[in-house]
Amino acid sequence: MNRSYFARSVHEVAHDLIGCRLAVGPTAGIVVEAEAYEASDPACHAYIGKTTRNEVLFGPPGYAYVYLSYGIHSLLNFVTEPEGTASAVLVRALEPTDGIDLMRERRGQERLEALCSGPGKLAEALGVDLSLNRADLFQPPFELDEPTGEWAGVEVVTGPRIGITKAAELPWRYSAARNRFVSRPWPGLTTTV
DNA sequence: GCCAGGATCGTCT
DNA sequence: GACGATCCTGGCG
């Protein structure tokens, strides 16, 4: 994987990230849920124009956008599309694979399903905080790899995004089908390939 | 199992 | 001064 992977449509990237392996330091997991936020989208932080906080969204792709939600949780995004076009993929859930004991320690939770099944949870489990805002996804501590083995060609389903009030009806949430680590299961999903 | 409530702070008006 | 791209706990059935 290289930087041009992120220079595509935010929707393509969000879809294709499902099944990819994301490592941050000694912890890692498979991406099983992600959401797309594009510049023309009222729910996107870039919608209001460039500010100090969202500046990285307007820059080149393949960088991390991390911000604080509800004053408590750090949320991890990947900047997509060419420089000048502001969009990002929110990483919403992982299936844990590496450093699981460390994740348990950081999260204060034992259940495997409770470690990375939500954007705030996975950031805490991976040790992602505001200091990683603007970090290059192609440099340590990040490591990203395309799907291998059973994850190659995994079935992806789409549905409405979660936890937003603006443009909540757009089906820009992507997740692995039949996966118990997604942040929230739902009935009647549309299946894509 | 479901729901209500509270924690907590950077960012923007 | 208000508002979140959230999470956990406790109460109730």
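Within every chain, numbering begins at 1; the chains are lettered A, B, ... in the order of the sequence lines, protein sequences first and strands thereafter. The structure presented is a predicted model; accordingly, all values stated were derived computationally and were not measured.
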Strictly distance-based, threshold 3.5 Å: is any side-chain N or O of [X] a donor or acceptor partner for the main-chain N or O of [Y]?
X        : Y        : result
A/Arg161 : A/Ala167 : yes
A/Glu33  : A/Ser183 : yes
A/Glu83  : A/Phe58  : no
A/Asn179 : A/Ala176 : no

### Message
Tell me every residue that passes ring-ring contact (aromatic ring centres under 6.0 Å, His included) with A/His11, counting only those two or more places apart in sequence or in another chain.
### Response
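If we apply the ring-ring contact (aromatic ring centres under 6.0 Å, His included) test to A/His11, skipping adjacent residues, the hits are A/Trp172.
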
### Message
I'd like to know if A/Tyr5 and A/Tyr37 are part of one continuous hydrophobic network [Ile/Leu/Val/Met/Phe/Trp/Tyr, side-chain heavy atoms within less than 4.5 Å].
### Response
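In one cluster: no.
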
In [range], what residues come within less than 4.0 Å of DNA chain B, judged by heavy atoms?
range                       : result
residues 112-131 of chain A : none
residues 35-49 of chain A   : none
residues 73-99 of chain A   : none

### Query
Who pairs with A/Asn2 by side-chain hydrogen bond (donor to acceptor under 3.5 Å, both in side chains), at least two apart in sequence or on another chain?
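With neighbours one apart ignored, the set is A/Ser4.
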
### Message
Which residues pass the side-chain hydrogen bond (donor to acceptor under 3.5 Å, both in side chains) test with A/Ser87, not counting sequence neighbours?
### Response
A/Thr80

### Query
According to the Watson-Crick and G-U wobble definition with distances under 3.5 Å, which dot-bracket string, read 5' to 3', encodes DNA chain B, using [ ] for crossing pairs and | for pairs with another strand?
|||||||.||||.

### Task
Determine whether A/Leu94 and A/Ile30 make a side-chain contact, defined as any pair of heavy atoms from C-beta on separated by less than 4.5 Å.
no

### Query
Is there side-chain contact between A/Tyr174 and A/Val13, with at least one heavy-atom pair below 4.5 Å?
no

### Task
For A/Arg161, report the nucleic acid contact type (base, sugar-phosphate, nothing); a contact means any heavy atom under 4.0 Å.
nothing

Please name the pair of heavy atoms, one in [X] and one in [Y], separated by the smallest distance, quoted to 0.1 Å.
X        : Y        : value
A/Met103 : A/Asp98  : CE-O, 3.5 Å
A/Pro171 : A/Thr158 : O-CB, 4.0 Å
A/Ala64  : A/Val56  : O-CG2, 4.0 Å
A/Val89  : A/Ala34  : CG1-CB, 3.6 Å

### Query
Looking at residues 57-67 of chain A, who's got a heavy atom less than 4.0 Å off DNA chain C?
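Under 4.0 Å from DNA chain C: A/Tyr67.
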
### Task
Could you tell me whether A/Arg106 and A/Asp101 have a side-chain N and a carboxylate O separated by less than 4.0 Å?
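Answer for the salt bridge query: no.
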
### Message
Which is more 5' along DNA chain B, the nucleotide nearest A/Arg53 or the one nearest A/Tyr70? Just name the residue.
### Response
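Counting from the 5' end, the first nearest nucleotide belongs to A/Tyr70.
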
### Distance, nearest 0.5 Å, that separates CZ of A/Arg104 from CD1 of A/Ile100
6.5 Å

### Message
Tell me whether A/Glu105 at atom CD has more than 12 heavy atoms from other residues, nucleotides or ligands lying less than 6.0 Å away.
### Response
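Atom CD in A/Glu105 is not packed in, count stays at 12 or less.
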
### Message
Quick one, A/Glu146 with A/Arg21, criterion salt bridge (Lys or Arg N to Asp or Glu O under 4.0 Å). Give me CA distance, side-chain angles, the key distance, then yes/no.
### Response
CA-CA 7 Å; A/Glu146 305 214 38; A/Arg21 177 177 182 272; over 6 Å; no

### Query
Want to settle it: does A/Thr165 or A/Gln109 sit nearer the 5' end of DNA chain C, counting the closest nucleotide to each?
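Here A/Thr165 is the residue nearer the 5' end.
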
### Bounds of contact between DNA chain C and chain A, in 5' to 3' order, using a heavy-atom cut-off under 4.0 Å
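Contacts span C/dG4 to C/dC8, reading 5' to 3'.
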
### Query
Applying side chain to side chain donor-acceptor pair (under 3.5 Å), which residue pairs with at least one partner in residues 61-71 of chain A are found, sequence neighbours left out?
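Residue pairs passing side chain to side chain donor-acceptor pair (under 3.5 Å), neighbours aside: A/His45-A/Tyr65.
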
Counting only pairs under 3.5 Å, give me each side-chain donor-acceptor contact of residues 116-132 of chain A, with atom names and distances, residues two or more places apart or in other chains.
{"from": "A/Ser117", "atom 1": "OG", "to": "A/Glu113", "atom 2": "O", "distance (Å)": "2.6"}
{"from": "A/Ser117", "atom 1": "OG", "to": "A/Lys121", "atom 2": "NZ", "distance (Å)": "3.1"}
{"from": "A/Glu124", "atom 1": "OE1", "to": "A/Arg107", "atom 2": "NH1", "distance (Å)": "2.8"}
{"from": "A/Asp129", "atom 1": "OD1", "to": "A/Ser131", "atom 2": "N", "distance (Å)": "3.0"}
{"from": "A/Asp129", "atom 1": "OD1", "to": "A/Ser131", "atom 2": "OG", "distance (Å)": "2.5"}

#### Entry: Opening and closing nucleotides of DNA chain B in contact with chain A, under 4.0 Å to non-hydrogen atoms
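In short, chain A contacts DNA chain B from B/dA7 to B/dC12.
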
